Amino acid sequence: MSEEHFIVIGNGPAGHNAAVTLRLEAPGARITLISKEPHGCYRPHLLPNWIAGDIKEEALYVCPVENYKNMAIKLRSGQKVVALNLGQSELILDHKEVLRFSGLVIAVGGKPRIPEPLLTFKDLMLTLKTLEDARTWKDEIARVDSVLMMGGDLTSLAVTKALLSLGKKVHFMINEDAFWPLRWNPVLFEEMSHRLSQKGVEVLADQRMKGIKRKGERDYEIQIGRQTVRVGMIGAFFGLTPDVRFLAGSGLRLDRGILVDEYLNTGFKGVYATGDCAQIYYPALRDYWVSVGHDNAVELGRTAALNLVGNTVKAEAAGKCIFEVQGIKVNTSWWTEF
Ligand SMILES: Cc1cc2nc3c(=O)[nH]c(=O)nc-3n(C[C@H](O)[C@H](O)[C@H](O)COP(=O)(O)OP(=O)(O)OC[C@H]3O[C@@H](n4cnc5c(N)ncnc54)[C@H](O)[C@@H]3O)c2cc1C
């Protein structure tokens with residue numbers, strides 16, 4: 001009989017916990033953990049604190065890289081999965097290597113979302129998703145006095161806090177498209193504007209961006225409504241969206257994320273999707289929900305691994321925690337204070 005080989009794609013909170021759970025539940029199996037990022041698992045929610053200089057880089061990591069070796073988990077960092085061949089139980093890496101698996105957990109998370117009308121300006125804006133993004137923010141911030149924050153998602157508030165603590169001037173352009181994963185409503189909008197203004201942020205509420213002129217290196221002139229704002233950097237914070245484009249054509253059912261049943265199974269034997277990239281069926285709603293948030297990701301990663309080794313654990317969510325944003329049902333374990 002051939003050896004069991006479980007592969008986990010993604011080393012965020014969901015993938016890391018899936019791999020560790022697999023190790024505990026299947027001591028004899030071969031386990032491979034693949035991440036396109038060049039390091040071990042870190043805590044994305046601490047990136048704003050690192051940007052602010054409140055914590056050291058080491059505090060971001062969940063464990064030292066050597067731990068994977070000690071747990072007999074083969075970590076393939078800096079390697080990107082570009083395609084899946086489910087018929088052959090194979091995946092293909094960007095350097096064309098093919099890996100065979102007997103069980104698979106897909107935990108590829110999300111990527112920053114930029115609303116359609118702003119796509120033209122994408123290259124002029126910085127987003128914040130990965131440790132490398134945070135490194136860029138740290139380098140750039142040191143060279144500018146002012147930043148325009150566009151959006152209004154939970155990360156934008158944490159980053160604004162970091163910028164203020166570093167003594168930067170912050171302009172904040174909020175509109176109703178920017179509250180992901182919160183539900184937009186006028187009360188929230190008013191409260192957020194009020195709190196930001198109280199902290200010295202210049203709020204540009206409910207305005208449309210008309211254009212950006214690059215006047216020089218780290219010097220942007222932005223036309224917003226009737227106002228002109230001049231800043232050294234522009235940040236875009238419109239939430240995260242599942243990063244599943246590379247799975248088109250794989251046979252997996254894709255919608256906003258990878259469609260899975262309440263046990264996180266994709267419909268293919270031994271193939272699970274979990275964390276922020278999954279869109280999970282919830283029988284009580286007769287609909288699917290997407291997950292956002294660190295604690296959900298940890299729990300869902302564990303659940304996928306347990307089911308891969310033969311358990312039947314449901315991805316639990318309380319119906320009242322699932323709400324609708326822009327037509328998508330969302331379950332978030334994320335909260336923030338500003
Ligand atoms: C700046 C920031 C602040 C946040 N703050 C909070 C907070 O305060 N509270 C909270 O609850 N949540 C917060 N979140 C959200 C939380 O971090 C996510 O919900 C959580 O990380 C999701 O975990 P995940 O494992 O599903 O996906 P991710 O963390 O996105 O991990 C995905 C992994 O997959 C890898 N990957 C992707 N595609 C491929 C591929 N094709 N091949 C190989 N590897 C691939 C990536 O490199 C990464 O390792 C924050 C997120 C960010 C970015």
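Keep in mind the model is a prediction, meaning the values are calculated, not measured.
In this view, Ala134 and Leu47, Trp50, Ile51, Leu128 satisfy the side chain to side chain contact (heavy atoms under 4.5 Å, CB included) rule, not counting sequence neighbours. With sequence neighbours excluded, the residues satisfying side chain to side chain contact (heavy atoms under 4.5 Å, CB included) with Pro13 are Pro44, His294, Ala297, Val298.
Considering CD1 of Ile234 and CE of Met209, their distance stands at 6.0 Å, rounded to 0.5 Å. How far CG of Leu104 is from CG of Leu91: 6.5 Å, rounded to the nearest 0.5 Å.
Here the closest non-hydrogen pair linking Tyr281 and Arg286 is OH-CA, 3.2 Å. Contact between Ala18 and Val105 at its shortest, heavy atoms only, is CB-CG1, 4.1 Å.
Contact annotation: the side chain of Leu204 approaches that of Leu148 to within less than 4.5 Å [non-hydrogen atoms, C-beta and beyond]. Glu90 has its side chain out of reach of Leu99: every pair of non-hydrogen atoms, C-beta onward, lies at least 4.5 Å apart. Two residues are said to be in side-chain contact when any heavy atoms from C-beta on lie closer than 4.5 Å; Val309 and Leu22 meet this criterion. In this structure, the side chains of Thr160 and Phe172 come closer than 4.5 Å at one or more pairs of heavy atoms. By the 4.5 Å heavy-atom criterion applied to side chains, His5 and Thr32 are counted as neighbours. Considering only heavy atoms from C-beta on, Arg214 stays 4.5 Å or farther from Asp219 through its side chain. No side-chain heavy atom of Pro48 sits less than 4.5 Å from a side-chain heavy atom of Lys161. With a 4.5 Å cut-off on side-chain heavy atoms, Lys74 and Ile31 do not count as touching.
Across Ile280, Ile106, Val271, a single residue satisfies side-chain contact (heavy atoms from CB on, under 4.5 Å) together with Leu264, and that is Ile280.
Using modelled atom types and a 3.5 Å distance limit, the side chains of Asn11 and Tyr68 yield a donor-acceptor pair. For His171 and Ser146, the side-chain atoms include no donor-acceptor pair closer than 3.5 Å. Side-chain atoms of Thr228 and Gln223 include a donor-acceptor pair closer than 3.5 Å. Using a 3.5 Å distance cut-off with no hydrogens or angles, the side chains of Thr130 and Asp133 do pair a donor with an acceptor. In summary, the side chains of Asn296 and Ser291 do present a donor paired with an acceptor at a separation below 3.5 Å, with no hydrogens or angles considered.
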Item to complete: Determine, stepwise, if the pair Tyr42 / His16 fulfils ring-ring contact (aromatic ring centres under 6.0 Å, His included).
Response: CA-CA 9 Å; Tyr42 57 90; His16 173 84; over 10 Å; no
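Heavy atoms from other residues, nucleotides or ligands lying under 6.0 Å from CD of Glu217 number 12 at most.
Side-chain heavy-atom separations under 4.5 angstrom define the hydrophobic clusters, and the remaining members of the one that includes Val313 are Leu306.
Ion pairing between a basic and an acidic side chain is recognised when a charged N comes within 4.0 Å of a carboxylate O; Glu190 and Arg195 show no such pairing.
Not a single donor-acceptor pair under 3.5 Å links the side chain of Arg253 to the backbone N or O of Ile258.
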